Each structure stands twice: as C-alpha cells, then as structure tokens.
Amino acid sequence: MAASNVSVENIGWYNSVLPPTLHLSYPDDTLAVVVLSTPAMFEDAFLPFLEQRCYQGLNDPIDQCVRQCITSAVSQCFPGEKVDVRYDYELLPSRKPKFLAQTAAHVSGAAFYYQKADVTEQPWAEKKMFGVCVHPRFGGWFAIRALLVFGDVTVGSELVQPVPPDCVPSREGRIKLLEAFNFHWQDWSYRNIISPIQTYSQKQRDYFSTPPAQRVALLRAWG
Ligand code: GSH
C-alpha cells in the first residue's frame, strides 16, 4: 500500500471557508494538492530514511523524512514548475500555521473534518472542543503532511469540488469521536471510529507514543 495519498483542490475552496486573515494569497482558481501520509509511511519511507542517514542527525526526523520525500517527488514529477510547498509543522512569523491542514483535507474531499459545530444540541456548553479529521479508509490512522500550491497552474470549472465522505454521520458517533479525541487522545481510540483498512504497526505505535525528546533513544535501541 502506498505511503502517501494526494487530493486535489483549488485555493478558492480553501479560502471560501476561512476568514480573510487566514487566506492564502493566490487566485481562487490556483491548483493545490494536499499530501497525507498513510500507515505504510513508517515502514516504507521513515525506517529506510533512518537507515540511509545511519541514524545520525535526528532532529525532527519525521519532518525531515516528509520533507525529503516531498521535495524529491516534486522535483522529479514537476521539474521547473513553481510549487509552494507548505508543511504542516511550519509557522509564519505571525505564529500562524502556513496552512490549516484539516481544512485543506476537508475541502479537497480527502477526509471529513468533524468540528463542534457539526454536532447538534452540543453537550459541552462553552467548552473548547478541537476538531478532528476522519479518512474514509484509514479512519484516524493517517496524518496531513503538506499543501502543494502550483502557483502557475489554474484549474477550470471542470474541477468539481468533492464532498468528503461523511463516515461519522450520527450525532452520537460525532460526540463519541470528539470526546475520544479531546479527552482520551492518548489511547488513540478516536482513530478507530470507523473500521480502518490498515492501522499503524506496533513499532509505529511505540514510536509515536514515545515523547519526541525520548525518540532518539528508542531509535538508537532499534538501530
Ligand atoms: N517534529 C518531530 C519529528 O519530526 O520527528 C515530531 C513529528 C511528529 O510526531 N509528528 C506528529 C505525527 O506525525 C504530528 S503530525 N503523528 C502521526 C500521527 O499522529 O498519526
């Protein structure tokens, strides 16, 4: 199974659901692509990346690996094309993220972004509840890694906006999802809100369950 998954969108779909302060300054008909990592990323891309690096220079190795994979795919597939690659972990000088990953995934149809407002008669009063994306095949076992904006490519009206599959349609299901994500995110039960076709391996679970500062020790133990 592929280690990544891409979905196409135009900037207008993204900007239209956000306040102007969060807009990306491109014309509405500019092509963009959202990149997700699937469960296979860990074994197919990350472990080989570590081997290749001989387990050296391991600051933010996941981010480094994602950057290497995307940079090399973009330069091989789109040589000479102007591509503005925005990673999920990048912040602007204003401390705002360079793009809103969950919104981008939702408007491209890749994964439904469930938010508090998607629950009728919310039981949480004024409590802040973070939203979470659910992928129709991977449930919560995936990550949104980057947005690629093709500044010189425009898409016409033939690109019809896909609606992301609503895999958690009931009020009860959405409450269960948002509560699992907000109150018990560490047990990862929110990821199984639907039956996923693939989940993270035990090794990958061990890795992501380890606090980032202790991961190098874990990698060295594996290496
Ligand atoms: N910055 C660190 C690195 O590059 O190694 C940490 C990266 C990290 O753990 N990222 C999280 C992740 O990949 C947030 S996107 N999680 C996978 C998941 O939650 O499915």
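This one's a predicted model, so the numbers in the text were calculated from it and none came from an experiment. In each ligand, atom 1 is the first atom listed, and ligand 1 is the first ligand listed.
Note that K203 lies in the cation-pi zone of W222, set by a 6.0 Å cut-off to the ring centre and a 45° limit from the axis.
With respect to atom 1 (N) of ligand 1, the closest heavy atom belonging to the protein is D60 OD1, 2.7 Å. Annotation: atom 5 (O) of ligand 1 to nearest protein heavy atom, I62 N, 3.1 Å. Protein heavy atom closest to atom 12 (C) of ligand 1, with residue, atom name and distance, is F208 CE2, 3.5 Å.
Residue Q68 holds its CD atom at 5.0 Å from CD of Q52, rounded to the nearest 0.5 Å.
Neither the backbone nor the side chain of I144 comes within 4.0 Å of ligand 1, counting heavy atoms alone. Heavy atoms from both the backbone and the side chain of P61 come within less than 4.0 Å of ligand 1. Residue contacts with ligand 1 for R191 involve side-chain atoms from C-beta outward but no N, CA, C or O (heavy atoms, distance under 4.0 Å). Residue contacts with ligand 1 for Y89 are absent, since no atom lies close enough (heavy atoms, distance under 4.0 Å). With a heavy-atom cut-off of 4.0 Å, R145 touches ligand 1 through its side chain alone.
Of all the atoms in ligand 1, the ones that sit under 4.0 Å from a non-hydrogen atom of D88 are 15 (S). Every atom of ligand 1 is numbered from 1 in the order shown, and the set under 4.0 Å from a heavy atom of D63 is 1 (N), 3 (C), 4 (O), 7 (C). Shown in contact with F142 at under 4.0 Å from a heavy atom are these atoms of ligand 1, numbered in order with element: 20 (O).
More than 12 heavy atoms of other residues, nucleotides or ligands lie within 6.0 Å of CH2 in W124, so this atom counts as buried by the packing criterion. Shown here is K176, whose NZ atom has no more than 12 heavy atoms of other residues, nucleotides or ligands within 6.0 Å. Enclosure of atom CZ in F130 is not indicated, since only 12 or fewer non-hydrogen atoms of other residues, nucleotides or ligands lie within 6.0 angstrom.
For the residue pair D60 and Y89, no side-chain donor N or O sits within less than 3.5 Å of a side-chain acceptor on the partner. Using modelled atom types and a 3.5 Å distance limit, the side chains of T38 and R137 yield no donor-acceptor pair.
Distance check on atom 14 (C) of ligand 1: every protein heavy atom falls at or beyond the 4.0 Å cut-off.
Ion pairing of D166 with R174 is present here, as a side-chain N (NZ or NE/NH1/NH2) and a carboxylate O approach within less than 4.0 Å.
At least one heavy atom of Y200 sits closer than 4.0 Å to an atom of ligand 1. Using a non-hydrogen distance threshold of 4.0 Å, R215 registers as a contact of ligand 1.
Exactly one residue among F49, W141, Y207, Y200 makes a ring pair (Phe, Tyr, Trp, His ring centres under 6.0 Å) with F42. That residue is Y207.
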